[in-house]
Every structure is written in structure tokens, then in C-alpha cells.
Amino acid sequence: GENVGLHLPTLSVQEGDNSIINCAYSNSASDYFIWYKQESGKGPQFIIDIRSNMDKRQGQRVTVLLNKTVKHLSLQIAATQPGDSAVYFCAESFNNAGNMLTFGGGTRLMVKP
Amino acid sequence: SQTIHQWPATLVQPVGSPLSLECTVEGTSNPNLYWYRQAAGRGLQLLFYSVGIGQISSEVPQNLSASRPQDRQFILSSKKLLLSDSGFYLCAWSVDEKLFFGSGTQLSVL
């Protein structure tokens with residue numbers, strides 16, 4: 001379910017390094033996964049998505065990896081920039097739930113110059 | 001292209017006062033619409049969703065209500081606000097599973 005009661009874990013990285021943000025999901029029937037980026041005071045923005053028939057998908061500077069065996073999802077950001085500082089949320093859905101997204105608790109990424 | 005408008009951006013209301021937050025979507029027909037709440041430094045909590053005019057599903061019992069008087073309009077209301085209603089309220093619409101969020105309303109109940 002939604003981890004709305006948890007404080008956000010924080011990942012701190014140096015500018016230029018690669019970032020890896022992890023997400024564990026609980027529903028083995030989930031077949032669609034999505035990552036959102038939320039900057040302070042703004043609504044979440046879509047970054048990248050992946051379906052369960054894939055284990056990797058690449059975008060611009062971002063890669064999403066899906067390991068269905070251990071129910072783990074990760075977002076990799078290459079050459080992290082100060083503008084990447086934000087809270088990142090993963091979300092999952094499965095067909096039988098009417099395509100309703102269930103959000104993870106979020107991870108705060110802080111980029112040090 | 002589709003856009004979502006949500007207002008106001010910030011709102012300060014006294015305890016016991018009513019609330020009305022409005023959200024409209026442009027560029028799409030019969031969207032699924034959602035209201036989420038986010039406490040400071042926390043995750044997203046789904047409050048209501050709607051698959052059509054007059055059709056509202058509530059996910060969490062509370063003193064808030066939602067209405068959808070028109071296809072692309074979604075309203076979040078309360079008759080009497082509580083301190084615990086403070087938070088960041090987000091409207092969203094969806095295409096298939098993908099959600100698109102509005103800019104949010106920061107509500108402070110004092």
C-alpha cells in the first residue's frame with residue numbers, strides 16, 4: 001500500500017556521479033511500473049516507465065531496471081546534476097486493479113556541487 | 001496537448017472553515033481524475049478518484065468530499081476543516097496507468 005506514514009530516506013551524491021534510487025514492491029502481480037520526480041512545492045513529474053515484460057528501459061540520462069524475481073525496481077541517473085535534486089517516487093499497478101497506481105514512500109536525492 | 005490546472009497554489013484557512021479546491025483538465029475527454037494529499041516530507045495518499053461525471057470513489061474516510069460536476073472538472077471540498085487537513089493537495093488525471101499531476105495546493109489550517 002501507500003507508505004504515507006514514513007519519513008523520506010535521503011540519498012546524497014556528488015555532482016557528476018551516478019545515482020541509484022531503489023524501490024521494493026510487494027505485489028507480484030504488478031505489471032506496470034513508473035518513476036516520478038517531485039521538486040519542492042511542485043507536483044510529481046513523469047520520468048520513465050516500464051512494463052513487466054521488460055527488465056531494462058533507458059531514457060535520457062535515466063535507466064530503470066526491473067527485477068521481478070526479488071520484486072525490486074531501481075532508477076539510475078547518469079552524471080547527476082544539481083537540477084536532479086528532488087524526491088523520487090516509484091509506483092506500480094496491475095491490470096486487475098483497474099490500472100490504479102500504488103505509490104512507494106519516496107527517496108530524497110540531494111546533489112552536492 | 002493536455003494540461004491540468006489546479007488552484008489556488010497556496011491557501012491558509014482557519015479551523016472550522018469550509019474548503020473548495022478546483023481542478024480542470026484541458027485537451028482530453030472523459031479522463032479519470034484523482035485527488036491526492038501529501039503531508040510534508042511524506043508520500044502520496046489517494047483521497048478520491050472519478051471515472052466519470054458524478055462518479056466518485058473514496059479511498060480514505062475523512063471529513064473531505066469530492067464532486068465532479070463536469071467531465072473535466074474535479075472539486076475537493078470540506079464543510080469544516082480540521083488541523084489535520086493541512087497538507088499539499090494534488091489533482092491528477094490519467095491515460096491508461098500513467099498519472100499526470102497538477103501543480104498542487106499547499107493548504108495550511110490554523
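Owing to the predicted nature of the structure, the values given are computational and were not obtained by experimental measurement. Note on naming: letters A, B, ... go to the chains in the order of the sequence lines (proteins, then strands), and numbering restarts at 1 for each one.
Using a 4.5 Å cut-off between heavy atoms, A/Gln45 makes no contact with chain B at all. The contact between B/Gln38 and chain A is made entirely by side chain atoms (from C-beta outward), counting heavy-atom distances below 4.5 Å. Within the 4.5 angstrom heavy-atom criterion, only side-chain atoms of B/Leu90, from C-beta onward, approach chain A.
Rounding to the nearest 0.5 angstrom, the gap separating the OH atom in B/Tyr49 from the CG atom in A/Leu101 is 12.5 Å. Here the straight-line distance linking atom NZ of A/Lys42 with atom CZ of B/Phe101 works out to 15.5 Å at 0.5 Å rounding. Here the CD1-NZ distance, from A/Ile34 to B/Lys98, works out to 6.0 Å after rounding to the nearest 0.5 Å.
The number of heavy atoms from other shown groups lying within 6.0 Å of CE (A/Met54) is above 12. Around CD of A/Gln60, the count of heavy atoms belonging to other residues, nucleotides or ligands within 6.0 Å does not exceed 12.
Residues B/Leu110 and B/Leu83 are members of separate hydrophobic clusters, defined by side-chain heavy-atom contacts under 4.5 angstrom among Ile, Leu, Val, Met, Phe, Trp and Tyr. Placement of B/Tyr89 and B/Val15 within a single hydrophobic cluster is found when ILVMFWY residues are connected by side-chain heavy-atom separations under 4.5 Å, directly or transitively. Taken together through direct or relayed side-chain contacts under 4.5 Å among Ile, Leu, Val, Met, Phe, Trp and Tyr, A/Phe94 and A/Val70 form parts of separate hydrophobic clusters. Under the 4.5 Å side-chain heavy-atom criterion for ILVMFWY residues, no single connected hydrophobic cluster contains both A/Val62 and A/Phe89.
Residues B/Tyr36 and A/Phe103 are in side-chain contact: their nearest non-hydrogen atoms beyond the backbone lie under 4.5 Å apart.
A distance-only check finds a donor-acceptor pair linking the side chain of A/Tyr36 to the backbone of B/Leu99 [under 3.5 Å].
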